[in-house]
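Below: the structure, in structure tokens.
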Amino acid sequence: MEQPVAMQSAQFALAAACGAALALWYDVLRALRRRARWLRVPLDLLFFLSALAFLLLEALYVGRGQFRIFMGAGTALGAAFWFLSASGPFLRASGAFFGLISRIFAPVRAGMRRLAEKTKKLFAFYKKFDMIVQSIAFWG
């Protein structure tokens, strides 16, 4: 089925906006990945699943049930535009923001670390105590 050129150009523009939004989401997750390296795999999985859902919704709503080749090119062009224009300043700003959040919650994190160390020592004591009780019960 043929589509008018005006509709195709509107779909291309919407696909480019969707690509830029997807690139923005990637940068948000990338800023988090830089702060918490232990979250790399879960955040990559989250991006993969969200990008898959985003592209499916793009095909359903922007493309009216079809993902046309020019929409893929529009999505790639929108993502490239984001990465070449606003990605650097956004990463610096979000890095500063997440650094501020990290400094705010540093006392909480230190307290949790101390609590974990004390709990580990407590459980180590009970493990030794339990081994002693079991050995007495075995021999007695």
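- Residues Leu22 and Leu57 fall into different hydrophobic clusters, defined by Ile, Leu, Val, Met, Phe, Trp and Tyr side chains chained together at heavy-atom separations under 4.5 Å.
- Scanning both residues, Leu46 and Trp25, for their nearest heavy atoms gives CD2-CZ2, 3.9 Å.
- Contact detail for Ala21 and Phe54: the closest heavy-atom pair is CB-CZ, 4.1 Å.
- The hydrophobic clustering, which links ILVMFWY residues whose side-chain heavy atoms are closer than 4.5 Å, places Leu32 and Ile104 together.
- Trp38 and Leu29 fall within the same hydrophobic cluster, where Ile, Leu, Val, Met, Phe, Trp and Tyr residues are linked whenever their side-chain heavy atoms come under 4.5 Å apart, directly or through other members.
- Counting only distance, with no hydrogens or angles, the side chain of Ser9 and the backbone of Ala6 share a donor-acceptor pair below 3.5 Å.
- Across Ala23 and Trp82, no two heavy atoms sit closer than the pair CB-CD1, 3.3 Å.
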Could you list the donor-acceptor pairs under 3.5 angstrom formed by side chains in residues 92-103, with sequence neighbours left out?
residue	atom	partner	partner atom	Å
Ser94	OG	Phe90	O	2.9
Ser94	OG	Leu91	O	3.2

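- In Phe81, the CZ atom is not crowded: 12 or fewer heavy atoms of neighbouring residues, nucleotides or ligands sit closer than 6.0 Å.
- Looking only at side-chain heavy atoms (C-beta outward), Leu14 and Gln11 stay at 4.5 Å or farther from each other.
- Using cut-offs of 30° and 60° for the angle between ring planes, the Phe70 and Phe12 rings count as tilted.
- Contact annotation: the side chain of Tyr26 approaches that of Arg30 to within less than 4.5 Å [non-hydrogen atoms, C-beta and beyond].
- Of all the heavy atoms in Arg33 and Arg40, the pair that sits closest is NE-CG, 3.7 Å.
- The distance from atom CE of Met71 to atom CG of Leu55, rounded to the nearest 0.5 Å, is 9.0 Å.
- Between the CG atom of Leu43 and the CZ atom of Phe48 there is a distance of 15.0 Å, given to the nearest 0.5 Å.
- Interatomic distance, CG of Leu45 versus CG of Leu39, reported as 12.0 Å (0.5 Å rounding).
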